[in-house]
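What follows is one structure encoded as structure tokens, with my remarks underneath.
Owing to the predicted nature of the structure, the values given are computational and were not obtained by experimental measurement.
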Amino acid sequence: MQEPEDPPSSAYVPDAAAVAPSANGGPDGSREGGPDGSPDDDRQAELDRLRREVRDLRGKLVAHPLISQAQGMLQERYRLPDAESAFELMKRCSQQHNMKLRSLASAVVSVPRPDEERGLWFPGRSGRTPPALRFLPGHRPDKVNRSTVLKQVLHQALSLTDASMGDLQTMEPAVGLRMEHHYGLSEEFLDFFALVEEGTPCFLAARRQVRVVSDIATDPVVGEPAREMILSVGSRTAHSIPMLSATGRTVGVFSLHLPRENQELTRAQATALEGVAAQAGRWLEWHQRTILLNALEDLHRRGTALRARPPRRPTD
């Protein structure tokens with residue numbers, strides 16, 4: 001079963017017993033209607049629905065140029081008749097390997113093209129053993145999908161610290177840090193940080209590759225538009241923890257948003273978070289070097305087969 005094509009900021013609902021409810025209302029940051037079903041509650045519910053719909057559309061618009069670029073590259077590479085054929089090729093491979101179409105398109109754009117003299121895109125590659133995921137007991141690390149791992153990383157971070165707000169971004173070579181999962185944050189916040197750039201604690205953590213603690217109101221590193229947006233959701237202190245691969249490359253960042261000025265974590269909490277980040281970083285690298293490359297190999301095999309077919313003759 002394919003991972004759903006969630007918008008970049010798809011909401012995750014942790015166990016209610018493990019994480020306190022957000023001051024913003026429901027688990028996705030929206031306000032739930034009251035028990036009496038009053039008109040005001042109905043209007044608020046409809047407004048929240050429309051905001052989610054707008055965010056979904058914005059997420060698709062952000063992904064669309066990347067997918068279009070990958071379509072063009074595949075159409076030229078395998079001499080496909082049209083862009084629709086390239087799209088169907090990517091869609092079939094993404095479904096087969098249980099990954100998002102956007103992730104596959106990003107790899108097509110960023111990975112060097114295959115050597116036409118060889119049958120494989122990545123010759124000489126051997127199978128890799130997936131690293132353990134101790135924060136996901138009962139799941140085989142070679143069978144669990146990427147979205148489940150990322151959701152559980154954020155769930156663990158929130159549970160370990162009793163934070164009521166958090167988000168997680170992954171590093172995509174073609175676009176940078178992209179919002180993947182969140183809890184307790186507003187629609188406006190998610191729109192603003194759909195793609196994360198300089199002037200944020202998470203970007204700094206990704207670049208420095210260490211945990212970054214930021215007092216949002218006073219930290220000179222935080223840009224003014226980002227500062228205003230982060231403070232608007234009630235976050236005063238942000239802890240951003242990078243997820244690093246075994247080779248020391250940043251593959252993602254998760255952040256906790258705390259309400260008080262200079263709010264520190266205990267040594268035990270910081271150690272536990274860094275342990276989760278290390279496990280997740282190594283697993284994400286394995287996923288990129290195994291599952292993602294398997295999908296690209298499959299795409300190359302299918303594309304080469306399509307290129308070898310004689311063109312269809314027009315019907316009379």
Side-chain angles (χ1 to χ4, degrees), residues 9 11-12 14-15 18-24 27 29 134-135 149-171 176-186 189-190 192-223 225-245 248 250-282 284:
S9 51
Y12 166 53
D15 183 355
V19 183
S22 166
N24 290 331
R134 291 187 294 275
F135 58 84
V149 171
L150 296 180
K151 287 178 180 179
Q152 188 64 14
V153 168
L154 184 56
H155 171 71
Q156 286 290 312
L158 294 166
S159 300
L160 287 166
T161 59
D162 292 326
S164 61
M165 295 181 290
D167 57 73
L168 183 149
Q169 303 93 14
T170 56
M171 183 69 76
L177 283 175
R178 180 190 290 274
M179 184 75 75
E180 292 268 7
H181 295 290
H182 70 87
Y183 182 74
L185 299 167
S186 70
F189 182 100
L190 300 172
F192 189 91
F193 293 110
L195 293 175
V196 182
E197 300 177 351
E198 292 191 20
T200 61
C202 53
F203 185 90
L204 189 61
R207 186 171 63 189
R208 291 184 177 175
Q209 299 185 327
V210 294
R211 178 167 65 98
V212 168
V213 183
S214 175
D215 184 326
I216 301 301
T218 60
D219 191 342
V221 170
V222 181
R227 190 192 317 278
E228 182 179 349
M229 180 57 64
I230 298 172
L231 290 173
S232 74
V233 299
S235 170
R236 179 61 191 265
T237 302
H239 291 256
S240 296
I241 300 94
M243 296 178 283
L244 305 180
S245 71
T250 300
V251 293
V253 179
F254 59 88
S255 298
L256 300 170
H257 297 279
L258 306 176
R260 297 195 301 276
E261 177 183 356
N262 292 318
Q263 191 170 343
E264 288 289 345
L265 303 177
T266 67
R267 183 183 296 273
Q269 287 173 329
T271 299
L273 289 175
E274 288 166 1
V276 170
Q279 292 177 55
R282 289 192 292 267
L284 287 169

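F192 pairs by the side chain to side chain contact (heavy atoms under 4.5 Å, CB included) definition with P225, A226, M229, not counting sequence neighbours.
In this structure, R227 contributes its side chain and D219 its backbone to a donor-acceptor pair below 3.5 Å. In this structure, H181 contributes its side chain and G166 its backbone to no donor-acceptor pair below 3.5 Å. Of the possible polar contacts, none joining the Q209 side chain to the P242 backbone as a donor-acceptor pair under 3.5 Å is found.
Within the structure, every pair that satisfies the side chain to side chain donor-acceptor pair (under 3.5 Å) test and touches residues 251-260, not counting sequence neighbours, is listed here: D167-H257, S235-H257, S240-S255.
Closest non-hydrogen pair, L185 versus H182, comes out as CD1-CB, 4.2 Å. Heavy atoms only, all atoms of each residue included: L168 and L154 are closest at CD1-N, 4.4 Å. Looking at every heavy atom in both residues, L265 comes nearest to A270 through CB-N, 4.4 Å. When all heavy atoms of F193 and I230 are compared, the closest pair comes out as CZ-CG1, 3.7 Å. Across all their heavy atoms, C202 and Q169 have their closest contact at CB-OE1, 3.7 Å.
A distance of 10.5 Å separates CZ of F189 from CG of L231, quoted to the nearest 0.5 Å. L195 contributes atom CG, which lies 5.0 Å from atom CZ of R178 (distance to the nearest 0.5 angstrom). Here the straight-line distance linking atom CE of M165 with atom CG of L158 works out to 10.0 Å at 0.5 Å rounding. Atom-to-atom distance recorded for T161:OG1 and Q156:CD is 10.5 Å, nearest 0.5 angstrom.
In this structure, R236 and Q263 have side chains that are not in contact, with every pair of non-hydrogen atoms separated by 4.5 Å or more. Within the 4.5 Å cutoff, the side chain of V221 has no heavy atoms near those of the P201 side chain. By the 4.5 Å heavy-atom criterion applied to side chains, T200 and S214 are not counted as neighbours. Counting only heavy atoms from C-beta outward, the side chains of H239 and L273 never approach each other to under 4.5 Å.
Among V253, V251, T250, the one residue that satisfies the side chain to side chain contact (heavy atoms under 4.5 Å, CB included) test with L244 is T250.
Atom CD of E264 sits in a crowded spot, with more than 12 heavy atoms from other residues, nucleotides or ligands closer than 6.0 Å.
Judged by distance alone, the side chains of T170 and E180 do bring a donor and an acceptor atom under 3.5 Å apart.
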